[in-house]
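To start, the structure itself, in structure tokens.
Predicted, not measured: the structure shown is a model, and the values here were computed from it.
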Amino acid sequence: MAASLVAFSETTGNQLSYPAALVKDIKSKQLSGSYTTDQALQKLLAGSGITYRHTDNDAIALAAKENGLADSSQSVQKTDATTLKPMTVSGKRNAEAEPQGYSVSNAFTGTKTDTPIMQTPMNIQVVPKSLMNDQQDINITDAITKNVSGVQADHGSGDIYESFIVRGFSSGDIFRNGLLRGFGTYDPANIEQIEVIKGPASMLYGRSQPGGLINYVTKKGLDTPTYSVQQQFGSYDQYRTTADATGPVDKDGKLRYRVNFSYQDVGSFKQFINDERYFIAPTLSWRPNDRFEANLELEHKHERKVDDWGIPAIGNRPAPVPLNSNYQDNARKGTLDSTLVAYDWAFKFNDDWKLKNRFLWEDWDVGYNEIKINGLQADNRTLDRMYWKGAGTQETYATNLDLIGKFNLLGVKNEVLLGGDYWHNNFGNVGVRAFTSPAVISTIDIFNPSYNNVVNDAVADAMPTNRHFARKEERFGVYFQDQITLFDKLHIMGGGRYDWVTYGTGFSPTSFASAKDNLTDQEDQKFSPRVGVLYQPWQWLSLFSNYTESLGLANQGTSFTGQAFKPESGEQYEAGFKTEFFDQRLSSTVSFYNLTKTNTVTNDPANPGFVVTAGKVRSRGVEVDIKGQVTEQLSLVTTYALTDIRYVNADAPLLGQRPINVPEHQASLWGTYQFTERFKAGLGGVVVGKRLGDNYDPVELPGYVTMDTMAAYTIPVGKTRLTTQVNINNLLDKGYYTGAGGGRYSINTGNPLSVMGSVRLQF
């Protein structure tokens, strides 16, 4: 195998990175003929227990098959292949194509164990970095909503945070390498891939929304020095610079580093809207021997951002104003600063048993300085506004410990997981001033806006603070899981989790100390089971079904009377099938589900700023996801979701209605074609059906269709390559509305035709 890989590297020009122990005494199969790079490597590694992963720097990392973080110390099964015979590989290096394909066969998030997606009885979707690069996605919102069925952006709080709606249910929880972060924004510079679990995920991750869970996996250090730098520039003064450097620290490659950096200054077609950010993420990876590995990561992000509160509605439609309208007063920027420290380590007792531990700490601060929309007056043109200024702070730390083992019992294969986790979060709005008085912030005419009407900051700062909010939450859970394999075709998964959660909120108009004194504790406990069955009659086909329950989020709003709300809970039945063709290069998932959530809340129509109990919501539907490589030249992603979601047990205004921002039909298509060794082009589109923008005073947001395209040209110079790329988004320049930020007075508008270009150097 070692000699074969050397020949492969010399022939194709790709750089391979792997520890020598990984291929020691392993035999490779004979290979002769004309193949693409991926085809040749797949044939060389077939049956060896070794998998590979392209980085975005044109290097290829080999590792034993393992979900999540690549575990190069994983033992490798020897095969009965014959000793290597002389090998010839002919063909040209496909330098322009993004090294990793669109189809990913393994994902850590679904089981926390080394289980291929084809053998996991759940709907799991993965967005790899190669797809994000082809589409030039500079945020995770576009990467997920364009490429995963049944997921929409959740436009709350002026889009100051990134959150999502999955299978009709809103969730702000984002996981990082399996640990829950606090809410915020997430830079894609150090993201390797994004994984989405469909349906309740409480069994492994605790309290969460029943629609699904989003987890992203970060990049780790490689033992081959690789570097890249990219400059992106686009319409409406959009600029983004990224850099990536990785390699060994010592001569043996046991200690590796990686540093990811980004800076962006992203404008908008709307006046005042802007997002300026810098982000740095260094990491160290240590693999001293075949049994132990550890990673230490640091992230720091500073962001100055003007939030986008959109436009109001008139009657049951968005107001007939230009889509680039903005009712901020001027370019007042809030600030977001976050620092994150994380580590993980894994120790193998032997080939069958392993212990893993992860930890994450994050400190997050926000400086509010924005104009919020506060309602439209009866003349349907005078907009009331609120000036919001002050500080918010958030501290999060999380950890978990997992024991994973494999054994045979009476001829039945078992893979067990025993674990526990802890999550702690404190959040507070400290010293916030919220002004609606004309002495501070005037109204604005939506058809003839006049700006720069906020009084001097010194005057505003001299006024007393009037909004103080405190929240604390602690979660502790223990869980178990057993994955049973019978006859190598029938896979049965069962497990459960018990959660203990303490949650409390407090509010005061006078001081933050008073808000903390007013904290009302709420304790929740629940056992969340999950069972699933998957039958794989042929290697290319899997039939699956599952049943799962979840402890939902604590209802984080406040009632007008001060009463506490019970936590949400979820229950799902799901069935479907998965396929893999062309040596796992093209995969698909089709699922049918019935999902319910109880104890929901919604905005209180009689008391703005408060919430009331809404009742029970049922979501059922069909989802289709197809990703991968159809031919050597053609790669595609196509999705479709039918989401039939309704309030089925609720107050009269809500009964029978759909929650806001959720279309009944949604679909997408994206494909790229490699025309020559140096040139490729792509085309795609998104179709979104009509949605509601408000439930109590209904607003209808019309459906829309957008189309995107791209072209890339690569110039290889030895082992260095220069790639130029251009993407055109909303090619047909359609006007549309992306969603509502919590009601009829905050309707978000989509971008018109825009161009994003880039130049990337990889060496």
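Looking at Q481 and K112, their side chains never bring a donor and an acceptor atom within 3.5 Å of each other. Side-chain contact, Q657 with N695: a donor N or O sits under 3.5 Å from an acceptor N or O. A donor-acceptor contact closer than 3.5 angstrom links the side chains of W361 and E395. Side-chain atoms of T579 and S588 include a donor-acceptor pair closer than 3.5 Å. Counted by atom type alone, Q193 and E195 present one or more donor-acceptor pairs between their side chains at under 3.5 Å. Between the side chains of K627 and T639, no donor-acceptor pair is found at a separation under 3.5 Å. In the model, T141 has a side-chain atom that pairs as donor or acceptor with a side-chain atom of E162 under 3.5 Å. Checking S550 against S528 by side-chain atom types alone, no donor-acceptor pair falls below 3.5 Å. Side-chain atoms of Q119 and S542 form no donor-acceptor pair, as typed in the model, at a separation below 3.5 Å. Between the side chains of T589 and N123, no donor N or O sits under 3.5 Å from an acceptor N or O. In the model, E580 has no side-chain atom that pairs as donor or acceptor with a side-chain atom of Q539 under 3.5 Å.
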ask   = Please walk me through it: do D524 and D499 pass side chain to side chain contact (heavy atoms under 4.5 Å, CB included)?
value = CA-CA 8 Å; D524 301 318; D499 277 296; over 6 Å; no

query = Can you list the steps and then say if D154 with F164 is a side chain to side chain contact (heavy atoms under 4.5 Å, CB included)?
reply = CA-CA 5 Å; D154 190 10; F164 298 88; 5.6 Å; no

request  = Any chance you could lay out the side chain to side chain contact (heavy atoms under 4.5 Å, CB included) test for V148 and V127, step after step, and finish with the verdict?
outcome  = CA-CA 8 Å; V148 180; V127 181; 3.6 Å; yes

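The existence of a salt bridge linking K597 and E568 is confirmed by a sub-4.0 Å separation between a basic side-chain nitrogen and an acidic carboxylate oxygen. Remark: E293 does not engage K220 in a salt bridge, criterion side-chain N to carboxylate O under 4.0 Å. A salt bridge links K526 to E549: at least one charged side-chain nitrogen sits closer than 4.0 Å to a carboxylate oxygen. Taking the charged nitrogens against the carboxylate oxygens, K413 and E415 have no contact shorter than 4.0 Å, which rules out a salt bridge. Classification of K578 and D625 as a salt-bridged pair fails, no side-chain N sitting under 4.0 Å from a carboxylate O. Using a 4.0 Å cut-off between a side-chain N of Lys or Arg and a carboxylate O of Asp or Glu, K219 and E297 do not qualify as a salt bridge. We find that R618 and D644 are joined by a salt bridge, their nearest charged nitrogen and carboxylate oxygen being less than 4.0 Å apart. Comment: R207 does not engage D173 in a salt bridge, judged by the lack of any side-chain N to carboxylate O separation of less than 4.0 angstrom.
Figure legend: R167 and Y593 shown as a cation-pi pair, the cationic atom lying under 6.0 angstrom from the six-membered ring centre and within 45 degrees of its axis.
Ring-plane geometry between F527 and F480 is classed as parallel, the angle between the planes falling under 30 degrees on a 0 to 90 degree scale with a further cut at 60. The aromatic rings of F347 and F349 stand perpendicular to each other, their planes meeting at an angle above 60°, with 30° marking the opposite boundary. Using bins of under 30°, 30° to 60° and over 60° for the plane-to-plane angle, the ring pair W364/F427 lands in the tilted bin.
Here the OG atom belonging to S285 is positioned 8.0 Å from the CG atom belonging to D344, to the nearest 0.5 angstrom. Separating the OG atom in S170 from the CD atom in Q209 is a distance of 6.5 Å, to the nearest 0.5 Å. Distance check, rounded to the nearest 0.5 Å: NE2 of H491 to OH of Y535 gives 10.5 Å. The CD1 atom of I174 sits 8.5 Å away from the OH atom of Y216 when rounded to the nearest 0.5 Å. To the nearest 0.5 Å, the span separating CG on N357 from CG on D421 amounts to 11.5 Å. One distance of note links CD1 of I165 with CZ of R691; it measures 10.0 Å at 0.5 Å rounding.
The closest side-chain heavy-atom distance from Q525 to V501 is not below 4.5 Å. Side-chain contact between I492 and L486 is present, with heavy atoms from C-beta onward closer than 4.5 Å. A heavy-atom distance below 4.5 Å is not found between the side chains of T643 and R620. When side chains are defined from C-beta on, P659 counts as touching Y647, because their heavy atoms get closer than 4.5 Å. For the pair L213/T109, a side-chain contact is recorded, criterion being any heavy-atom separation below 4.5 Å from C-beta on. By the 4.5 Å heavy-atom criterion applied to side chains, Q666 and Q152 are counted as neighbours. Residues T185 and Y161 fail the side-chain proximity criterion, which asks for heavy atoms closer than 4.5 Å. The closest side-chain heavy-atom distance from D114 to N106 is below 4.5 Å.
Without hydrogens or angle criteria, K348 side chain to L355 main chain gives no donor-acceptor distance under 3.5 Å. Between the side chain of D187 and the backbone N or O of F279 there is no donor-acceptor pair closer than 3.5 Å. Checking side-chain atoms of R530 against main-chain N and O of A201 turns up no donor-acceptor pair under 3.5 Å. Of the possible polar contacts, one joining the R646 side chain to the G656 backbone as a donor-acceptor pair under 3.5 Å is found. Using modelled atom types, one side-chain atom of N350 and one backbone atom of W353 make a donor-acceptor pair closer than 3.5 Å. Checking side-chain atoms of N414 against main-chain N and O of N408 turns up no donor-acceptor pair under 3.5 Å. Looking at H155, its side chain never comes within 3.5 Å of a backbone N or O of G741 through a donor-acceptor pair. Formation of a donor-acceptor pair under 3.5 Å by the T115 side chain with backbone atoms of T111 is not found in this model. Checked by atom type and distance alone, the side chain of R497 pairs as donor or acceptor with a backbone atom of L204 at under 3.5 Å. Between the side chain of R176 and the backbone N or O of L180, no donor-acceptor pair lies under 3.5 Å.
Aromatic rings from Y573 and Y547 are positioned such that their centres are separated by under 6.0 Å. Within the 6.0 Å centre-distance limit, the rings of Y498 and W500 are counted as a close aromatic pair. Here the two rings, on F476 and W423, have centers that are 6.0 Å apart or farther. Taking the ring centroids of F507 and F469, they lie at or beyond the 6.0 Å cut-off. Side-chain rings of Y479 and Y205 stay apart, their centers remaining 6.0 Å or farther from each other.
Of the options K472, E474, R471, a side-chain contact (heavy atoms from CB on, under 4.5 Å) to N425 is made by R471 and by none of the others. Each of T339, T218, N190, T283 was checked for a side chain to side chain donor-acceptor pair (under 3.5 Å) with E299, and the lone residue meeting it is N190.
Heavy-atom minimum distance, N599 versus S569: ND2-OG, 4.5 Å. Heavy atoms only, all atoms of each residue included: F544 and V590 are closest at CE2-O, 4.2 Å. Closest non-hydrogen pair, S508 versus A515, comes out as CB-N, 3.5 Å. The minimum heavy-atom distance between V432 and A391, with the atom names listed, is CG2-O, 3.8 Å.
Annotation: W345, atom CH2; neighbour count of heavy atoms from other residues, nucleotides and ligands within 6.0 Å is above 12.
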